[in-house]
Asks: 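Structure in structure tokens, see below.
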Protein chains: 2
Amino acid sequence: MSPRNVRVRAVRAPLVADRQSSAEVDLGPLSGFIGYRLRRAQLAVFAGFEQALRGIGLSPGQLSVLVVISRNPGLTQSDVCTALGIQRANFTPLLHELEAMGLAVRQVLPADRRSNTLRLTSLGRDVVARALALHERLERRITDCLGESGRAQLAELLCKLEMV
Amino acid sequence: MSPRNVRVRAVRAPLVADRQSSAEVDLGPLSGFIGYRLRRAQLAVFAGFEQALRGIGLSPGQLSVLVVISRNPGLTQSDVCTALGIQRANFTPLLHELEAMGLAVRQVLPADRRSNTLRLTSLGRDVVARALALHERLERRITDCLGESGRAQLAELLCKLEMV
DNA sequence: GACAGATAGTTATGATAAATAACTAATTGT
DNA sequence: ACAATTAGTTATTTATCATAACTATCTGTC
């Protein structure tokens, strides 16, 4: 126990012994965590989104808002927020960007002057159509990867998962 | 086509006509987008994570790092980064937090003094064990929701999706 | 009709995750 | 010995999400 007994072995011990090559890292229970898999998958898919929609300049969130407005003209901001799970406070600047890009317009609802109804401009409709067309590529790549049935299963499982 | 022929109809059009109740919002193609479903599902699961691990005070990212270190003591920072898909630059402060919490230690690798090998403290091992136990609850809730086979399918599909 | 309470939108702010660039120190190969 | 890499750090930027406080408007009740 005295310092003397500390062998040189301790010093020249195989310090690299339990070093692992990054190829063989064991994720342990992590690899079974749905949350972990979700995070990695989402990062990959969002990267694919940016790549597929390059040149359009829309974020996933922006596109989702435009699609909802396009399918439901006249919705209020709050309606869109609850439909997409966005906080009203965060929606305001997002929407103003879409307005600044000339893609959407706010219009005070006369029946309730607190509310704004939302519509796309004709440019907005064009851009959504183009974005959806480009987005098809991404979805096709995913289908190629998972198979048609795998893709459908995944969509359904994710849908269930939202209400855990 | 002359201005005269523009009927009053245009003016007193039913301005509230196409208002929709938020219950019946049509997500259109969005509901089939894997990326959209991923985002919503991940938000739900991460909220569940925070709820399940309340009191431990670890983020999903922090726990993932601790688990990897625990299963692979002696990995360098870069190893952990590539294993988990984290940027080295973002890893530094994350790791320093874990060190400050007394859960992990950095140790210069003598064989390559640029590298730091990582290990858990005994406190770190305790905390990981407790965190994993609590995390089981979340995974069980997910399994209850998707079924055992659904859960396995989901994990596999997400895994494939990472390499799209 | 007046007024308390609720709602729609906005503003400001803070926390977190992720990406990029530039830097230091140490190593490698020639 | 020296150029080119590599590991880690620092600083900065951006995007997303959450919370609280504010205004303007509306609703229900007396």
Side-chain angles (χ1 to χ4, degrees), chain A residues 16 19 21-22 35-36 38-40 42-47 49-51 53 57-65 74-100 104-118, chain B residues 16 19 21-22 35-36 38-40 42-47 49-51 53 57-65 74-100 104-118:
Chain A
V16 199
R19 284 276 290 99
S21 116
S22 51
Y36 173 70
L38 277 174
R39 171 181 161 261
R40 301 292 304 253
Q42 156 142 25
L43 245 50
V45 172
F46 270 44
F49 180 98
E50 194 190 344
Q51 183 184 339
L53 292 233
L58 288 178
S59 72
Q62 289 173 327
L63 180 57
S64 70
V65 169
L75 283 190
T76 66
Q77 300 187 191
S78 293
D79 290 338
V80 174
C81 284
T82 62
L84 290 177
I86 303 175
Q87 307 287 122
R88 288 199 318 267
N90 297 328
F91 187 67
T92 297
L94 194 166
L95 176 61
H96 288 2
E97 273 179 26
L98 295 178
E99 256 189 314
V105 289
R106 266 179 319 168
Q107 192 178 3
V108 170
L109 178 67
D112 181 347
R113 301 207 328 279
R114 295 169 301 178
S115 299
N116 295 327
T117 63
L118 306 179
Chain B
V16 197
R19 286 276 291 100
S21 119
S22 50
Y36 173 69
L38 276 173
R39 170 181 162 263
R40 300 293 303 254
Q42 156 143 23
L43 246 50
V45 172
F46 271 45
F49 180 97
E50 193 191 344
Q51 183 185 339
L53 292 232
L58 288 179
S59 72
Q62 289 172 326
L63 179 57
S64 70
V65 169
L75 283 190
T76 66
Q77 299 186 193
S78 293
D79 291 338
V80 174
C81 284
T82 62
L84 290 176
I86 303 176
Q87 307 287 122
R88 288 200 317 267
N90 296 328
F91 187 67
T92 297
L94 195 165
L95 176 60
H96 288 3
E97 273 180 27
L98 296 178
E99 256 189 314
V105 289
R106 267 179 318 169
Q107 192 178 4
V108 170
L109 178 68
D112 181 346
R113 302 206 328 279
R114 295 168 302 179
S115 298
N116 295 327
T117 63
L118 306 179

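Chain A is the first sequence line, chain B the second, and so forth, proteins listed ahead of strands; every chain is numbered from 1. As the structure is a computational prediction, the values presented were derived from the model and not from experiment.
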Asks: Side chain of B:Gln62, backbone of B:Ser59: donor and acceptor closer than 3.5 Å?
Replies: yes
Asks: Below 4.0 angstrom from OP1 or OP2 of D:dT6, is there any side-chain N or O of B:Ser115?
Replies: no
Asks: Measure the CG-OG distance between B:Leu84 and B:Ser64 for me, rounded to the nearest 0.5 Å.
Replies: 4.5 Å
Asks: I need the CZ-C1' distance between B:Phe91 and D:dA11, as an integer number of Å.
Replies: 19 Å
Asks: Does OP1 or OP2 of C:dT10 have a side-chain N or O of A:His96 closer than 4.0 Å?
Replies: yes
Asks: Would you mind reading off the distance between B:Gln62 atom CD and C:dA18 atom C1', rounded to a whole angstrom?
Replies: 15 Å
Asks: Can you tell me if B:Gln77 touches the phosphate of D:dT9, counting only side-chain N or O atoms and a distance under 4.0 Å to OP1 or OP2?
Replies: yes
Asks: Quick one: on DNA chain D, does A:Asp112 or A:Gly85 contact a more 5' nucleotide (nearest heavy atom)?
Replies: A:Gly85
Asks: Tell me if the side-chain of B:Asn116 makes a donor-acceptor pair with the base of D:dA7, cut-off 3.5 Å, by modelled atom types.
Replies: no
Asks: For the atom pair CG (A:Asn116) and CG (A:Leu75), what is the distance rounded to the nearest 0.5 Å?
Replies: 12.5 Å
Asks: Is any side-chain nitrogen or oxygen of B:Arg39 closer than 4.0 Å to OP1 or OP2 of D:dA15?
Replies: no
Asks: Can you find a side chain N or O atom of B:Gln87 that sits less than 4.0 Å from OP1 or OP2 on C:dA19?
Replies: yes
Asks: What's the CG-P distance between B:Leu109 and D:dT6, to the nearest Å?
Replies: 17 Å
Asks: Look up atom CG in B:Leu63 and atom CG in B:Leu98, then write down how far apart they are to the nearest 0.5 Å.
Replies: 10.0 Å
Asks: Establish, with yes or no, whether the OP1 or OP2 oxygen of C:dG9 is under 4.0 angstrom from a side-chain nitrogen or oxygen of A:Ser78.
Replies: yes
Asks: Specify the separation, in whole Å, of atom CZ of B:Arg88 and atom C1' of C:dA17.
Replies: 18 Å
Asks: Can you tell me the distance, in whole Å, between the CZ atom of B:Phe49 and the P atom of D:dC17?
Replies: 18 Å
Asks: Select from A:Pro93 and B:Arg113 the residue whose nearest nucleotide in DNA chain C is closer to the 5' end of that strand.
Replies: A:Pro93
Asks: Using a heavy-atom cut-off of under 4.0 Å over every strand shown, decide if B:Asn90 touches base, sugar-phosphate, or nothing.
Replies: base
Asks: What distance do A:Arg114 atom CZ and A:Thr76 atom OG1 have between them, rounded to the nearest 0.5 Å?
Replies: 10.5 Å
Asks: Using atom CZ of B:Phe46 as one end and atom P of D:dC17 as the other, report the distance to the nearest whole Å.
Replies: 12 Å
Asks: Should the side chain of B:Arg114 and the base of D:dT6 be counted as holding a donor-acceptor pair, with the cut-off at 3.5 Å?
Replies: yes
Asks: Rounded to whole Å, please give me the gap between CG in A:Leu43 and C1' in D:dT16.
Replies: 13 Å
Asks: Whole Å only: how far is the CG atom of B:Leu75 from the P atom of D:dA7?
Replies: 13 Å
